[in-house]
Protein chains: 2
Amino acid sequence: MITKRMEDYLRVIYELKYYNGDIKIKDIAFKLNIKPSSVVEMLDRMKDLGLVKYEKRKRITLTKKGEEIAKSLKVKNESILKFLKLLGVPHNIAVEDAHKMEHILSKETLERIKDFILYVETCPKPIPNWLKNFRYFCKYKKLRCKC
Amino acid sequence: MITKRMEDYLRVIYELKYYNGDIKIKDIAFKLNIKPSSVVEMLDRMKDLGLVKYEKRKRITLTKKGEEIAKSLKVKNESILKFLKLLGVPHNIAVEDAHKMEHILSKETLERIKDFILYVETCPKPIPNWLKNFRYFCKYKKLRCKC
DNA sequence: GAAAATAAATAGTTTACCCTAAATTTTCTT
DNA sequence: AAGAAAATTTAGGGTAAACTATTTATTTTC
């Protein structure tokens with residue numbers, strides 16, 4: 001069974017590959033703020049589940065399956081992040097929350113989130129009036145529109 | 001340290017008190033879909049943290065602290081649930097997702113969620129136009145407004 | 001090419017949850 | 001009030017994910 005924590009590892013490995021090319025145990029550990037020995041242990045488990053290819057002291061790579069999952073997490077994450085920022089959540093906090101939410105949201109909720117983003121982006125104006133008014137409302141706690 | 005799981009227990013105990021008056025080990029177990037023996041174990045830990053009052057085979061109650069936390073979880077949950085439903089997430093799924101989200105959302109995100117609800121509810125119409133249009137957009141994936 | 005530095009792997013613990021099975025206590029029935 | 005049934009507790013295990021400390025490999029540097 002693929003756990004939330006394994007999803008964290010997949011995401012980190014996926015990102016490291018993207019930015020660094022090579023994936024080092026200690027870099028994974030650093031990103032997850034844990035010790036390298038914990039990473040080795042987890043990689044063994046993830047290997048058994050067919051998520052990574054990994055032999056002692058050899059290059060670490062994601063399997064097809066691992067990469068698919070990582071990619072879909074990344075896509076989910078991007079939607080959630082964008083959504084939170086539309087709502088006016090400050091960037092750093094939005095990043096944190098998005099990482100937590102990506103593990104747990106149902107696909108239905110995710111669909112509504114994606115629709116929301118699309119609804120805003122499909123609008124001819126850069127930011128629709130109602131969203132501007134929402135931002136205003138967040139700041140001053142009062143309406144300035146007829147809705 | 002108060003874990004997410006303890007928060008689940010707090011919520012369940014709080015609800016059981018509200019609806020049943022009396023809190024039985026087996027009811028907690030049933031609600032959480034686990035065995036009674038696991039509940040006993042957890043109650044011991046929660047007792048050490050000052051979240052519940054509990055002596056073998058005696059009545060279970062929340063402490064002041066436990067109740068505060070439970071109450072604040074309930075409030076959070078209600079906001080999240082309402083929010084998800086405004087977005088058009090079906091009730092049952094919204095309930096599930098809200099229970100997961102209540103453990104992890106930052107207070108900033110929660111504030112934006114509450115503002116969103118308030119923004120909708122402050123509007124003189126029962127449902128603001130932009131929200132109606134969003135619902136339409138979710139269904140047909142096209143705009144019918146000037147935003 | 002050997003010593004020093006760095007990286008990775010292993011062994012043994014810990015903590016938070018959960019489980020089953022068995023023992024005990026309480027409650028219900030007759 | 002005694003025996004049956006239900007609820008609770010205890011004892012003993014298990015798994016996921018971390019940790020520390022030690023050992024083994026690989027790189028770097030001299």
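Below, chain A is the first sequence line, B the second, and so on; all start at residue 1. As a basis for the values below, the full set of heavy atoms in this structure was taken, side chains included, without hydrogen atoms, waters or symmetry mates.
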- Query: So, are K17(B) and E67(B) salt-bridged, with charged N and O less than 4.0 Å apart?
  - Reply: yes

Scan nucleotides 6-8 of chain C against the protein and return all N/O pairs shorter than 3.5 Å with their distances rounded to 0.1 Å.
{"residue": "dA7(C)", "atom": "OP1", "partner": "K26(A)", "partner atom": "NZ", "Å": "3.3"}
{"residue": "dA8(C)", "atom": "OP2", "partner": "K26(A)", "partner atom": "N", "Å": "3.2"}

All N/O donor-acceptor pairs, side-chain side in residues 80-91 of chain A, below 3.5 Å, sequence neighbours left out:
{"residue": "K82(A)", "atom": "NZ", "partner": "E121(A)", "partner atom": "OE2", "Å": "3.4"}
{"residue": "K85(A)", "atom": "NZ", "partner": "H91(A)", "partner atom": "ND1", "Å": "2.8"}

- Using 4.0 Å as the upper bound for N to carboxylate O, is an ion pair formed by K65(A) and E68(A)? no

If you restrict it to nitrogen or oxygen atoms, what contacts under 3.5 Å exist between nucleotides 15-17 of chain D and the protein, and what is each distance?
{"residue": "dA17(D)", "atom": "OP1", "partner": "T3(A)", "partner atom": "OG1", "Å": "2.5"}
{"residue": "dA17(D)", "atom": "OP2", "partner": "R45(A)", "partner atom": "NH1", "Å": "2.4"}

- Task: Sort out for me which residue in R5(A), K4(A), R11(A), E7(A) forms a side-chain hydrogen bond (donor to acceptor under 3.5 Å, both in side chains) with H103(A).
- Result: E7(A)

- Task: Kindly say whether L118(B) contributes a backbone atom to a donor-acceptor pair with the side chain of T122(B) at under 3.5 angstrom?
- Result: yes

- Note on the structure: I28(B) atom CD1 is separated from dA7(D) atom C1', nearest whole Å, by 13 Å

- Message: Can you tell me whether the side chain of S37(B) and the base of dT20(C) have a donor-acceptor pair closer than 3.5 Å?
- Response: yes

- Message: Looking only at the side chain of I34(B) (C-beta and beyond, no hydrogens), which of the listed nucleotides dC18(C), dC19(D), dT20(C) gets closest?
- Response: dC18(C)

- Query: F30(B) has an atom CZ; how far is it from atom C1' of dT8(D), in whole Å?
  - Reply: 18 Å

- Item | side-chain hydrogen bond (donor to acceptor under 3.5 Å, both in side chains) contacts touching residues 126-138 of chain B (sequence neighbours left out) | N133(B)-R144(B)

- What pairs meet the ring pair (Phe, Tyr, Trp, His ring centres under 6.0 Å) rule with one or both residues in residues 57-78 of chain A, with sequence neighbours excluded? none

- Query: Nearest-Å distance, CG (L51(B)) to P (dA16(C))?
  - Reply: 13 Å

- Query: Over how many whole Å does the gap from K35(B) atom NZ to dG14(D) atom C1' extend?
  - Reply: 16 Å

- Is any NZ, NE, NH1 or NH2 atom of the basic residue among D115(B) and K141(A) found under 4.0 Å from an Asp or Glu carboxylate oxygen of the other? yes

- Task: Nearest whole angstrom, please: distance from the C1' of dC17(C) to the CD1 of I2(B).
- Result: 17 Å

- Just how far, in rounded Å, is C1' of dT26(D) from CZ of R59(A)? 15 Å

- Task: Let me know the distance between CG of L32(B) and C1' of dA16(C), rounded to the nearest Å.
- Result: 15 Å

- Distance in angstrom units between D48(B) CG and dT15(C) P, rounded: 13 Å

Distance-only criterion, 3.5 Å: show the donor-acceptor pairs between side-chain atoms of residues 37-55 of chain B and protein atoms not counting sequence neighbours.
{"residue": "K47(B)", "atom": "NZ", "partner": "E55(B)", "partner atom": "OE2", "Å": "3.1"}

